[in-house]
Every structure is written in structure tokens, then in C-alpha cells.
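The shown structure was predicted, so the numbers you read here are calculated from the model rather than taken from an experiment. As the structure lists them, so they are numbered: ligands from 1, and atoms in each ligand from 1. This chain uses plain numbering: 1 for the first residue, then up along the sequence. What you see below is based on every heavy atom in this structure, not just the backbone, and it leaves out hydrogens, waters and symmetry mates.
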Amino acid sequence: MIPDLPLSALVEQIRSGAVPAETVMSSVYDRIDKHESQLNAYRSLLPQEIALARAANIDQRIATGASVGRLAGIPVSIKDCICVADPELTNTCGSRILEGYHSPYHATAVERLLAEDAIIIGITNMDEFAMGSSTENSAYDVTRNPCNPEHVPGGSSGGAAVSVATGMALLALGTDTGGSVRQPASFCGVTGIKPTYGTISRYGLIAYGSSLDQIGVLARTAEDCRLACDILQGHDPKDSTSATQTLVAVPETAELAGLRVCLPEEYLNAESLDPEVRESVQEIAECLRASGATVEQRSLPFLEYVIPTYYILAFAEASSNLGRFDGIRYGVRKQRENSLKSLYATSREKGFGTEVKRRIMLGTFVLSSGYYDQFYGRATQVRELMRSQVQTLFDEFDLILGPTAPVPPFRFGEKTADPLTMYLTDLCSVLANLTYTPAISIPGKPTASGLPVGVQLMGRRFEDQRLLAIASLLQGLDS
Ligand code: GLN
């Protein structure tokens with residue numbers, strides 16, 4: 001049994017010897033035995049005896065009086081697109097084209113976890129190349145929602161969210177290009193943060209849309225996310241887009257009273273908004289008001305354009321990033337005829353799934369001469385306008401509140417026939433990526449049938465710690 005404690009307190013117990021790391025690990029593997037065959041959260045997993053040996057090694061170091069890190073013995077899962085150099089684990093990005101790939105190096109985020117003595121136990125399932133909102137686009141079978149296995153866990157970090165929701169890991173790294181940490185966190189009833197763009201290194205993250213991609217954290221609570229962000233955030237010379245600006249520190253006395261919160265009408269009145277999700281958001285708004293915050297509804301007309309802007313930019317960047325998977329530089333090599341063209345074409349035809357091919361083709365189109373200005377150029381300008389409008393909005397408000405996703409977890413197959421209906425589920429999450437701002441999803445009131453619903457808070461750039469502190473206060477209110 002693992003005591004029900006914040007991670008920092010659990011690590012103290014491990015350090016004092018009261019709860020051996022080996023016991024924590026064996027409980028986590030009991031849960032894996034119980035859930036994994038039905039839910040398929042993991043793409044590859046450390047054999048139990050190796051995981052236990054690594055935990056025992058932490059216990060031995062503690063017994064000899066050596067100092068151990070802030071995540072000593074904590075079992076962590078890593079999304080399949082973040083590189084882990086371990087002969088027991090593979091990184092496939094949910095794609096056939098990387099089947100069997102072993103990374104020769106660790107991502108910086110992984111290095112930082114290991115430096116604090118976390119134990120990486122497995123690689124989690126995801127939509128292929130992080131393209132999707134349900135984990136149905138993984139080339140390696142779907143992951144199921146633990147609250148109801150007939151429903152999707154969200155995506156693209158579906159495996160990460162399920163690993164934390166079921167206790168098959170105590171902390172997970174995911175990635176968020178347009179909502180992929182927050183939306184699965186919301187669908188599985190856990191907490192997920194996409195930090196300010198550039199504050200966690202992307203070195204070793206297999207790119208989807210580089211100007212939008214951000215490694216994020218999933219955990220049970222905002223407090224646990226805060227510990228992980230403390231460890232992960234900070235400049236990395238290996239990533240040229242890594243931020244050099246330091247995060248704004250929060251006063252110890254962060255409080256809800258006096259906060260000015262904006263609730264965009266376009267979220268609340270969206271045609272696609274499920275009434276139970278609306279209720280959940282309104283409940284958190286009431287909680288904030290009762291604690292002395294002001295919550296003001298405001299129309300933000302630019303929200304009408306977030307989905308087209310995001311998808312044009314994401315497809316364009318993806319089509320360029322995925323050019324490296326050609327069967328020569330990266331990717332499984334397949335060839336029909338004896339020609340270079342056949343090698344490229346066959347490797348990609350066999351290696352990529354339908355959604356990835358669709359996005360590469362559309363991305364190539366919006367970047368092609370004649371259309372570049374009309375689509376990519378304009379989307380870039382619109383993004384800049386959104387960035388400056390959001391910045392101005394944050395002169396007046398401290399937070400933007402909304403649903404994480406307009407709908408609760410949907411059923412398998414419900415949105416796969418028409419990709420546009422799937423894209424529309426990103427309505428509330430993409431703005432944070434387009435404007436480089438931090439955003440967190442915390443569990444709100446579930447639906448009547450017991451499905452989780454997430455509520456999102458967006459904060460100012462580099463004020464991640466304040467956002468996490470506010471989310472912790474809100475989570476403290478209902479416990
Ligand atoms: N659902 C969005 C997409 O398919 C976001 C994915 C993500 O954040 N990786 O692009």
C-alpha cells in the first residue's frame with residue numbers, strides 16, 4: 001500500500017525508511033497487473049524485477065546515509081515521444097515508422113527527473129506523433145478510460161493520463177501542442193499542466209509543431225505538478241527555443257481573494273458545449289467568487305478563429321518536422337522497387353497512419369508557393385494578434401477560466417469518421433499554445449454518469465508557479 005500523501009511527503013517517508021521505495025514500486029506493479037491488460041496505458045514497460053531492483057538500490061543508498069533526490073524512488077511514466085535511453089524501453093511516437101526504435105540519449109526533461117532519483121518505469125501510449133484527441137490514432141491499439149472502458153481516455157497523452165489515474169505511475173510526462181496534456185487529464189480525472197512555452201526543454205522531444213509543443217506534467221494534484229515543474233523548468237542550452245527568462249516567484253501567501261478572473265462567453269455559449277461541462281465550470285466560478293475572487297464574463301471575438309489558426313500552423317510545422325522520417329535518416333525502411341523514390345514513398349506509405357498522412361499533405365499544401373501567404377502567412381499574423389490581445393487582457397485579469405474540453409469523454413468511434421468534429425474538441429485548449437501561456441486542467445464536478453470533467457485555468461506567461469498555487473488552493477477547498 002502507498003500512503004495517500006503528496007509526492008513530496010511520500011519522498012520524505014521513503015528517505016526516512018518508513019516506506020521503502022521497493023514497497024512503493026511493488027504496489028505500483030500490483031496495479032499494473034490489475035489494470036494494464038484491460039486499459040493498455042503502456043507501450044513498453046520495465047520488467048518488474050528490474051524496476052524493483054532500481055527501487056531497492058535507492059533504499060540501499062538511503063540506508064548507507066547517502067543523500068537522495070527530490071523524487072527518490074517515485075515511479076514515473078514517460079510519453080512515447082519523449083526520448084528515454086534504456087535498453088528495456090522503446091520510443092515509437094505511437095507510430096509504425098519508429099517501431100523498435102531505441103533512443104541513444106535521454107531528453108533533458110528525463111535527465112532532470114533521473115537526477116532527482118525518479119525511476120522511469122515505462123513509456124505510455126499516445127496518438128501517432130501526438131496528432132489526435134482520443135489516443136485512437138495510436139498505431140498500437142487504443143488506450144481505455146479507467147472510469148468507463150467504453151470511453152476514450154482523451155489524447156494525445158491518453159496513456160500518461162491513465163497511468164496516473166490508476167496509480168500505475170505516480171507522475172507522468174506528457175506533451176501538449178494543442179491540449180494533449182490537459183484534455184486527457186480532464187478525461188481521466190487527474191491534474192495536468194502545460195507550462196509556459198520554452199520553460200521545459202524540448203531537447204529529446206520528437207517534434208510535432210515546434211512553436212506549439214511543450215512538455216507538461218500529469219499528476220493527481222496541482223501540488224504534485226508543482227514539485228515536478230520545479231525540477232523540470234529552467235534554461236537548457238541544448239534547445240534553442242528554451243526560455244532564458246526566469247519564472248515569476250509566488251509569494252507564500254498566494255490567495256484566491258481579490259483574483260480577477262475572466263470567463264469567455266465564447267466558451268460558455270459554444271454550440272458544442274455539453275451542459276454538464278458548463279455546470280462544472282460554473283461550479284468552479286462560484287467557488288472562486290465565494291473565496292473573494294471576481295469572475296467576469298467577457299466576449300473574446302478572436303476565439304472564433306483559434307481552431308483554424310491552430311490547425312493551419314500545426315499542420316504546416318508537422319509537415320516540415322516529419323520530413324526526417326524517410327527510411328534513411330529516421331524510420332523503418334521499406335522499398336518496392338530499386339529506386340530512391342520508391343524507398344521514400346514505401347517507407348512513408350507503410351510507416352505513417354491515415355491522420356498523419358492527412359496532416360502532412362494539408363501542411364505541405366498550406367506552405368506551398370501561391371498558398372503560403374494566404375494560409376500560413378495569415379495564420380501567423382492572426383496568432384500574433386491573439387498573443388497581443390491576450391497579453392492586454394492579462395492587464396485586467398489574473399486568470400482565464402473555462403472548460404478544458406467542451407465535452408466529457410466520448411465513446412470510441414464517435415468522432416473518428418469526421419476529423420473536423422475531433423478537431424473541434426480542442427476549442428478551449430489551443431489558445432494557451434498559440435499564445436505561449438501556461439494552462440492547467442483540474443478535475444471539476446463529474447457528469448451524472450460518473451465521467452470526469454476538467455476545468456481549465458490559464459495564467460500569464462512565466463507565472464506558472466502562481467497558476468499552480470491557485471490550482472492547489474482550489475483543490476484544497478474541496479478536500
Ligand atoms: N488534438 C490536437 C491535435 O490533434 C492537440 C494535440 C496535441 O496537443 N499534441 O493537434
Side-chain angles (χ1 to χ4, degrees), residues 79-82 93-95 124-138 143 152-161 172-187 192-195 197 200 202 205-218 272 306-322 352-363 366 379 383 403-407 409-410 414-416 418-441 454 456 458:
K79 187 176 178 180
D80 199 12
C81 55
I82 303 172
C93 228
S95 182
T124 52
N125 198 21
M126 59 184 278
D127 285 300
E128 185 173 5
F129 284 98
M131 297 176 182
S133 310
S134 64
T135 316
E136 287 165 291
N137 292 338
S138 168
T143 297
V152 303
S156 62
S157 314
L173 289 192
T175 64
D176 192 309
T177 305
S180 278
V181 161
R182 292 161 284 153
Q183 188 257 24
S186 108
F187 278 18
I193 179 165
K194 178 203 92 74
Y197 179 79
I200 297 181
R202 290 190 296 113
L205 161 62
I206 302 172
Y208 161 18
S210 312
S211 78
L212 302 151
D213 290 344
Q214 181 58 65
I215 290 179
V217 176
L218 299 99
S272 56
V306 287
I307 292 283
T309 308
Y310 167 79
Y311 274 97
I312 289 170
L313 294 173
F315 289 3
E317 293 187 19
S319 75
S320 159
N321 276 326
L322 270 56
F352 289 137
T354 313
E355 184 60 26
V356 174
K357 286 177 185 155
R358 176 172 17 250
R359 293 186 186 205
I360 292 173
M361 284 192 284
L362 286 168
V366 300
R383 179 185 195 179
T404 305
V407 289
F410 42 89
E414 202 177 307
K415 296 189 191 291
T416 40
D418 176 6
L420 286 180
T421 62
M422 189 76 89
Y423 301 167
L424 287 174
T425 63
D426 300 332
L427 174 68
C428 310
S429 54
V430 293
L431 182 65
N433 305 78
L434 288 170
T435 60
Y436 314 93
T437 46
I440 189 167
S441 175
Q456 174 177 257
M458 245 173 89

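The protein heavy atom nearest to atom 7 (C) of ligand 1 is Ser180 OG, 2.4 Å. Residue, atom and distance of the protein heavy atom nearest to atom 5 (C) of ligand 1 are Tyr310 OH, 3.4 Å.
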message: Set out, in order, the CA-CA distance, both residues' side-chain angles and the distance that settles side-chain hydrogen bond (donor to acceptor under 3.5 Å, both in side chains) for Asn125 and Thr135, then state yes or no.
response: CA-CA 7 Å; Asn125 198 21; Thr135 316; over 6 Å; no

message: Using the rule given for side-chain hydrogen bond (donor to acceptor under 3.5 Å, both in side chains), can you reason through Glu317 versus Ser211, listing the C-alpha separation, both sets of side-chain angles and the distance that settles it, and then say yes or no?
response: CA-CA 8 Å; Glu317 293 187 19; Ser211 78; 2.6 Å; yes

task: Might you work through the side-chain contact (heavy atoms from CB on, under 4.5 Å) test for Tyr311 and Leu362, ending with a clear yes or no?
output: CA-CA 10 Å; Tyr311 274 97; Leu362 286 168; over 6 Å; no

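Using a 4.5 Å heavy-atom cutoff, the side chains of Ser180 and Ser157 are in contact. Counting only heavy atoms from C-beta outward, the side chains of Phe129 and Cys93 approach each other to under 4.5 Å.
Formation of a donor-acceptor pair under 3.5 Å by the Asp213 side chain with backbone atoms of Asp176 is not found in this model.
At under 3.5 Å, a nitrogen or oxygen of Ser133, whether backbone or side chain, sits near a nitrogen or oxygen of ligand 1. When only interatomic distances are considered, the shortest N/O to N/O separation between Met131 and ligand 1 does not fall below 3.5 Å. Checked against a 3.5 angstrom limit, the closest N/O atoms of Asp176 and ligand 1 fall outside it. No N or O atom of Thr175 sits closer than 3.5 Å to an N or O atom of ligand 1.
Atoms of ligand 1 found under 4.0 Å from any heavy atom of Ala130, numbered from 1 in the order shown, are 6 (C), 7 (C), 9 (N). Near Gly178, the atoms of ligand 1 lying under 4.0 angstrom from a non-hydrogen atom of the residue are 5 (C), 7 (C), 8 (O). Proximity to Ser156 (heavy-atom distance under 4.0 Å) selects the following atoms of ligand 1: 9 (N). For ligand 1, the atoms lying closer than 4.0 Å to a non-hydrogen atom of Tyr208 are 3 (C), 9 (N), 10 (O).
Of all the listed residues (Phe129, Tyr311, Tyr423), Tyr311 holds the heavy atom that lies closest to atom 3 (C) of ligand 1.
Under 4.0 Å from ligand 1, not a single heavy atom of Glu355 appears. At a heavy-atom distance under 4.0 Å, only side-chain atoms of Asp426, from C-beta outward, approach ligand 1.
Between Tyr197 and Tyr436, the angle of the ring planes goes over 60°, which puts this pair in the perpendicular group of the 30/60° scheme.
Within the structure, the closest approach of Arg182 to ligand 1 does not fall below 4.0 Å when heavy atoms are considered. For the ligand labelled ligand 1, residue Ala314 lies outside the 4.0 Å heavy-atom shell.
Atoms CD and NZ, from Gln456 and Lys194 in turn, are 9.5 Å apart once rounded to the nearest 0.5 Å. Here the CE atom belonging to Met131 is positioned 12.5 Å from the OG1 atom belonging to Thr354, to the nearest 0.5 angstrom.
Remark: the Ser186 side chain and the Thr404 side chain contain no N/O donor-acceptor pair separated by less than 3.5 Å.
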